[in-house]
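Heads up: the structure comes next, in structure tokens.
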Amino acid sequence: MTQSDANVHPRLDSPDYRSTTLRHPKQPLIYLPHGPAELTGPQLDELRCGELDNDLTRQHAGEPIGERMTVSGGLLDGDGRPVRDSLIEIWQANAAGRYAHRWDRWPAPLDPNFTGAGRTVTDADGRYTFTTIKPGPYPWGNHPNAWRPAHIHFSLMGPQFHQRLVTQMYFPSDPLFAYDPIFQSVRDPKIRERMIARFSLDRTQEQFALGYEWDIVLRGPQETPIEEAH
Amino acid sequence: LNETPSQTVGPYLSLGLPWKDGPVADPDGVTITGTVFDGNGAPIPDALIETWSPAPRAFARSATDDDGRWSVVVPMPDAGYLTVNLFARGLLHRLVTRVYLRGEPDDPVPVDRRHTLVATPDGVIHRFDIRLQGDDETVFFDI
């Protein structure tokens, strides 16, 4: 049994990231022992991801502009066991740092060949792979001259509902790390490194794409999952 | 092992997370709808709600619209309540709450805050607003 480490996650009230000010609960969270609802979870592999859902470079007529890359790794639980048949969803900006979203007003070019969303289900060894292009950094309004380091958003389900995680994957040696209050909201520098993918020449495909590796570790599991009532 | 830290979904979560039939776990189920409010009482248009109940299975997912409103259609849970995940820009970690369609929470939820977890019947639908701060701040759980 592995407890979630309270130092791993950011504080909900992180004033340097201004949007937290009006959006964090002021009352303390109420501790709830795990019951059937927490120890079970939706099995979403029945979503039947399409064959190309994990290739963000092949969702349109042409190829997106940018640095073609793959990101692959293992989805693990807190005991180091692979989490198989588990849905992973990603979304990201294009190579110019622009999201294909109607609210993104940053005047960098949209790419007609890039939507920036993908999904996959982990295999029998708990592994996943996405093919995409490297997202660009982009400015935002948090403070003067604020820029987000390049990142890919990741959503992980895990087998038990309490293991649900949404996070962001960053790239090695980004010069913007020191100035980004979202990255810095994880206070321990050693723990922040867990959000940074590793460049891998082994995973790099000759004449095709740079390879990055990133393992994702969920909390738990807690006890044996309770069987469903039916 | 080295647990991966949480980060916010950011403002563009609707690019990646909603799917077409995501809000409907059971077309013949009950509709729950509500608005997510910030500490100024302003609706939050970049949030995502997920519901879960194991019996019967009630996983549904709905992003909030421009008015901060979400809606799901789920089977009536045997336990009377659904577990709810809330994600949003400005939330560095998901919040967990519950919506009671029958009955109301008991310990450890303080008596004077239990009403924040109870949906209000409104014709054939159930209304459930979520308030991140303020006098009627919704109860959130550490699970």
Side-chain angles (χ1 to χ4, degrees), chain A residues 2 4-5 8-12 14 17 19-27 29-32 34 36-38 40-42 44 47 76 78-80 89-91 99-101 103-104 115-117 153 155 161-162 164-168 182 185-186 191-192 194-195 216-219 228-230, chain B residues 1-17 19 25 38-40 42 44-48 50 52-59 77-79 81-83 85 87-96 98 108-110 113 131-134 137-143:
Chain A
T2 316
S4 185
D5 182 344
V8 168
H9 299 293
R11 289 199 185 102
L12 290 167
S14 290
Y17 173 27
S19 298
T20 66
T21 306
L22 290 170
R23 295 187 173 194
H24 72 276
K26 299 212 167 169
Q27 304 282 342
L29 304 183
I30 293 177
Y31 173 73
L32 201 63
H34 288 173
E38 288 73 36
T40 55
L44 296 176
L47 277 175
L76 307 166
D79 295 334
E89 295 154 288
I90 67 169
W91 67 104
Y99 285 87
H101 191 288
W103 290 343
D104 190 354
T115 303
H153 295 267
S155 168
F161 205 60
H162 74 94
R164 183 85 174 88
L165 177 70
V166 173
T167 186
Q168 301 180 23
I182 294 179
S185 69
V186 177
I191 294 177
R192 287 201 286 268
R194 299 176 191 171
M195 300 186 288
I216 306 156
V217 182
L218 306 176
R219 60 186 295 208
E228 286 186 32
H230 61 281
Chain B
L1 210 67
N2 295 330
E3 189 180 342
T4 306
S6 169
Q7 297 271 271
T8 178
V9 291
Y12 308 125
L13 65 109
S14 64
L15 203 53
L17 290 176
W19 64 78
D38 72 10
N40 280 343
I44 297 183
D46 41 17
L48 182 88
E50 287 176 349
W52 171 241
S53 173
R57 295 164 57 85
F59 183 76
D78 293 349
Y81 66 84
L82 298 159
T83 301
N85 271 337
F87 301 88
R89 173 175 67 83
L91 273 181
L92 285 161
H93 192 279
R94 62 126 161 67
L95 289 172
V96 178
R98 283 181 176 178
V109 182
R113 300 186 66 203
R131 292 178 176 80
L132 289 175
Q133 297 175 357
E137 181 180 310
T138 302
V139 168
F140 297 103
F141 295 103
D142 173 15
I143 65 166

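So you know, we letter chains A, B, ... as the sequences are listed, proteins then strands, and number each from 1.
Put simply, the side chain of Glu38(A) does not reach to within 4.5 Å of the side chain of Phe141(B), judged on heavy atoms. With a 4.5 Å cut-off on side-chain heavy atoms, Pro10(A) and Thr8(B) do not count as touching. Considering only heavy atoms from C-beta on, Glu3(B) stays 4.5 Å or farther from Ile191(A) through its side chain. Using a 4.5 Å heavy-atom cutoff, the side chains of Phe161(A) and Asn85(B) are in contact. You'll find the side chain of Val139(B) stays beyond 4.5 Å of the side chain of Gln27(A), heavy atoms only. Trp52(B) has its side chain within reach of Pro42(A): a pair of non-hydrogen atoms, C-beta onward, lies under 4.5 Å apart. Here the side chains of Leu13(B) and His153(A) are not in contact, with every heavy-atom distance at 4.5 Å or above. The shortest distance between side-chain heavy atoms of Arg94(B) and Val166(A) does not fall below 4.5 Å.
Among His24(A), Arg11(A), Arg164(A), the residue with the largest count of heavy-atom pairs under 4.5 Å with chain B is Arg164(A). Here Leu22(A) is the residue among Ile216(A), Leu22(A), Leu29(A) with the most heavy-atom pairs under 4.5 Å with chain B. Chain B forms the most heavy-atom pairs under 4.5 Å with one residue out of Ile182(A), Leu76(A), Ile90(A), Val186(A), and that residue is Ile182(A). Ranking Arg98(B), Arg89(B), Arg113(B) against chain A, the residue ahead of the rest is Arg89(B), based on heavy-atom pairs under 4.5 Å. Ranked by non-hydrogen atom pairs under 4.5 Å with chain A, the options Val109(B), Asn40(B), Thr138(B) are led by Asn40(B).
Heavy-atom distances place the backbone of Leu218(A), and not its side chain, under 4.5 Å from chain B. Proximity to chain A is absent for every atom of Pro77(B), based on heavy atoms less than 4.5 angstrom apart. Proximity to chain B (any heavy atom under 4.5 Å) is shown, for Arg192(A), by neither the backbone nor the side chain.
Judged by distance alone, the side chain of Gln133(B) and the main-chain N or O of Thr21(A) form a donor-acceptor pair under 3.5 Å. Put simply, the side chain of His9(A) gets close to the backbone of Ser6(B): a donor and an acceptor are under 3.5 Å apart. Checking side-chain atoms of Glu137(B) against main-chain N and O of Pro25(A) turns up no donor-acceptor pair under 3.5 Å.
Considering only residues two or more places apart in sequence or on other chains, His101(A) meets the ring pair (Phe, Tyr, Trp, His ring centres under 6.0 Å) condition with Trp103(A), Tyr12(B).
Distance OG1/Thr83(B) to CG/Leu32(A): 8.0 Å, rounded to 0.5 Å. Atom-to-atom distance recorded for Ile143(B):CD1 and His34(A):NE2 is 5.0 Å, nearest 0.5 angstrom. The CG atom of Leu92(B) sits 10.0 Å away from the OG1 atom of Thr167(A) when rounded to the nearest 0.5 Å. Residue Ser19(A) holds its OG atom at 8.0 Å from CG of Asp46(B), rounded to the nearest 0.5 Å.
A pairwise comparison of heavy atoms in Trp91(A) and Val9(B) identifies CZ2-O, 3.4 Å as the closest pair. Between Gln7(B) and Ser185(A), the closest heavy-atom pair is NE2-OG, 3.5 Å. Considering every non-hydrogen atom in both Gly90(B) and Arg23(A), the closest pair reads O-CB, 4.1 Å. Taking all atoms of both residues into account, the shortest heavy-atom contact from Ala117(A) to Gly16(B) is CB-CA, 4.3 Å.
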